[in-house]
Amino acid sequence: MLGFIKSVEQIILRVALDTPLDTTFDYAWIVPDPDQHPILRPSIGQLVIVPFGRQEVAGIVLAIAEKTDVPPNKLRTVLALRSELSPVSPQWLALCQFAAEYYQRPIGEVALPSLPKNLKALKDVSLRRGLNKLEKLSTAQDSVPAEEPRLNPEQQTAVNAITAKNDFAPFLLFGVTGSGKTEVFLQASAKILAQSDDAQVLILVPEINLTPQFEAHIRARFPGLILATLHSGMAEGERLLHWLSAHTGRARIVLGTRLAMLASLPHLRLIIVDEEHDPSYKQQEGLRYSARDLAVWRARQLAIPVVLGSATPSLESWQSARSGKYHLLELHERAVPDAVLPVVKLINLEREKPSEGLTPRLIDSIRLRLEKGEQSLLFLNRRGYAPVLACDACGWISNCTRCTAHMVMHKGDHRLRCHHCGLEQRIPRHCPTCGNIDLQPLGRGTQRMEESLGAIFPEAKVLRIDADSTRLKGSAAAAFDRVHSGEVDILIGTQMVAKGHDFKHLTLVAALNPDAALFSQDYRASERLFAQLMQVAGRAGRAAKKTDGNPSEVLIQTRYPDHPLYHALMAHDYPSFAADLLEERQQAHMPPFMYQALLRAEAKELSIAIDFLKQAASSLHHVGITINDPIPMTMTRVANVDRAQLLVESVSRPALQAFVKEWITILRAMKSRVRWSVEIDPVDI
Ligand code: ADP
Ligand code: ZN
Ligand code: ZN
């Protein structure tokens, strides 16, 4: 053995680097003399530092080769092996390889960005410090775990099914908010974790900061185990520590947002995706992956169970459950005894005229809650004071000069702000075109509602929660604490307030103006609206609290009280809503019955982008692939860049994959001034 190593002077490492070039790179590793050095041999999955151009960068060893095509005088040498870090597993590399091929990006662009920055940094100091800190963390704490509630029969069936065998099994756990899905996740995890000393469980959530209760539950239930969390809001040092604890297998539970899907987890035995329909599982730039789809792939690869949970599953997952690809697990009832589903009622805006955005009936309902000391939550998915500022005299409106969008009025700091490109200016004192000083805010955002609510209910404590009110770190958590403590009477907010919070004193939820999404050009808008309304409605009546023996109420102000979406909502009937949508989709040949890829182009002028797309459209033809006409994007101009898109479709996923692979090579060769990108399974089109 030793003799063999001695006779080899150098070996070739095939390395992945974070570059847009779709290739791997060969480097030489000079094997040290084993008589003088400890035997140091690189292995596959090892992190290395290599020269690249004039830089020194991190790479991952993909293969060890005997020979290379790189001429000896061009072949550069590996600078360092990060041997204190155990290599990433072949399974993890295979996951990256799959994601790279499926989403049509180089493997280096998948694998390296998913590692913490400090890990890739050239100094070993932070890594060593991280590992030391981890030692301490690993030997900390053990206290008594919180008691598990007794599962109801449906929950028990679900836990049994999920933990039945050590093999690939995809589950869709479908149940209204409060039906006890989280409890199923926790008890299934407990069983899997108890099956071996090293088993790891990965739990994905859309947003960690908005749902601190989940983390608290896990900590209380598994006090002796190390929990790692991974999300984009973490400081680099912290992120490194948590990543390392997952990678070294010390963390037995990893709770994270979509990026945690690409964490290195050597003993992964169960994957859970909570709120699997949530749009945040899809990355919208760079590697545009779907963490939910990768979860299912990874579970198959590792032959382990994966559970997708939702009260309003994505149509993709619902269809997979209907067709038998996924096992459907259903929870029909709310889990807390006595907690009943809130009653959903519509308020017809054509008949009941609102003032300040609130109908008399809604105002009465809020007043009733105030008298009883209960809370109300008003949902309005539009931040700012007013979406537009306008001049009655000449028709001027506050358009953004750089985007196809209005500038939103923010009253508190006297600003007009474009929510798309960030352009800001002071609110003009008079009309920029005609000089009229009487400019009118049109429409209503959360700030304006907050102001109106204060005027209508001067005795009430009103709190607004949206991206503007929670800009400071920790402020969202502080705001939610105020709601939980019961200090707040009326909560007004955007979709931020719809996520997993369990407000015990809340008995009224109202959607002020949800209609816009019914007629959106985006064919997924109604699916999303239904999910949002179900989710926000689910904030009400989670505890067993009742108003005069009546269940909690959800009021929806609408001009379209006959719309089937609202009827399905009143009946709490996701399955029939989904059945209708799926039938529409099938007839219209849309996903999930069709696979899509989207080519986007950006240029200084729309015609340049469109010309590029036309050329792209005629550059390749395959049987079974439909290439649509190039069109401008709905919001054509953002930050002075015009954007257009071209949709490619097929009923066959492999056929589409083959087409796109070949197509990208052609597109790369087309010398063009446009910036373009291809997205597989696009969601925003
Ligand atoms: P979901 O995740 O479906 O919204 P949760 O798991 O958060 O629902 O459960 C809602 C509430 O019901 C929580 O307060 C939880 O503690 C409680 N709960 C869940 N399962 C049970 C059970 N089997 N018995 C009693 N309470 C339960
Ligand atoms: Zn004017
Ligand atoms: Zn703009």
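Just so it is clear, the structure is predicted and the values come from calculations on it, not from any experiment. In each ligand, atom 1 is the first atom listed, and ligand 1 is the first ligand listed.
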Participant: Applying a heavy-atom cut-off of 4.0 Å, say which part of R150 lies close to ligand 1: side chain, backbone, both or neither.
Facilitator: backbone

Participant: Regarding ligand 1, does T177 bring an N or O atom to under 3.5 Å of one of the ligand's N or O atoms?
Facilitator: no

Participant: Using the Zn ion (ligand 2) as the apex, give the angle to atoms SG (C431) and SG (C434), rounded to 10 degrees.
Facilitator: 110°

Participant: If you round to 10 degrees, what value do you get for the angle at the Zn ion (ligand 3) between C403 atom SG and C421 atom SG?
Facilitator: 100°

Participant: Report, in ascending order of atom number, the atoms of ligand 1 lying under 4.0 Å from any heavy atom of E183.
Facilitator: 6 (O), 19 (C), 20 (N)

Participant: Before moving on, can you tell me the angle at the Zn ion (ligand 3) between the SG atom of C400 and the SG atom of C418, to the nearest 10 degrees?
Facilitator: 110°

Participant: Does V176 come within less than 4.0 Å of ligand 1, judged by its heavy atoms?
Facilitator: yes

Participant: Should S314 and R292 be marked as a side chain to side chain donor-acceptor pair (under 3.5 Å) after you check the CA-CA gap, both sets of side-chain angles, and the distance that decides it?
Facilitator: CA-CA 10 Å; S314 63; R292 178 189 67 220; 3.3 Å; yes

Participant: Can you tell me if R298 uses its side chain to pair, donor with acceptor, with the backbone of M261 under 3.5 Å?
Facilitator: yes

Participant: When you compare ligand 1 with G180, is there at least one nitrogen or oxygen pair between them that comes in under 3.5 angstrom?
Facilitator: yes

Participant: Return the CE to CD distance between M633 and Q645, rounded to the nearest 0.5 Å.
Facilitator: 5.5 Å

Participant: Below 30° counts as parallel, above 60° as perpendicular, anything between as tilted: where do the rings of F174 and Y574 land?
Facilitator: tilted

Participant: Under 4.0 Å from ligand 1, counting heavy atoms only, is it the side chain of T182, its backbone, both or neither?
Facilitator: both

Participant: For N152, take its heavy atoms, then give the atoms of ligand 1 lying under 4.0 Å from any of them.
Facilitator: 23 (N)

Participant: If you measure every N or O of G175 against every N or O of ligand 1, does any of those distances drop under 3.5 Å?
Facilitator: no

Participant: Give me the one residue out of L202, I271, L270 that meets side chain to side chain contact (heavy atoms under 4.5 Å, CB included) with I304.
Facilitator: I271

Participant: Checking S280 against D278: is there a side-chain donor and acceptor pair closer than 3.5 Å?
Facilitator: yes

Participant: Would you confirm whether the ring centroid of H410 sits within less than 6.0 angstrom of the ring centroid of H419?
Facilitator: yes

Participant: Which angle, to the nearest 10 degrees, do you find at the Zn ion (ligand 2) between SG in C394 and SG in C391?
Facilitator: 110°

Participant: Fit a plane to each ring of F185 and F214, take the angle between them on a 0 to 90° scale, and name the class: parallel (under 30°), tilted (30 to 60°) or perpendicular (over 60°).
Facilitator: parallel

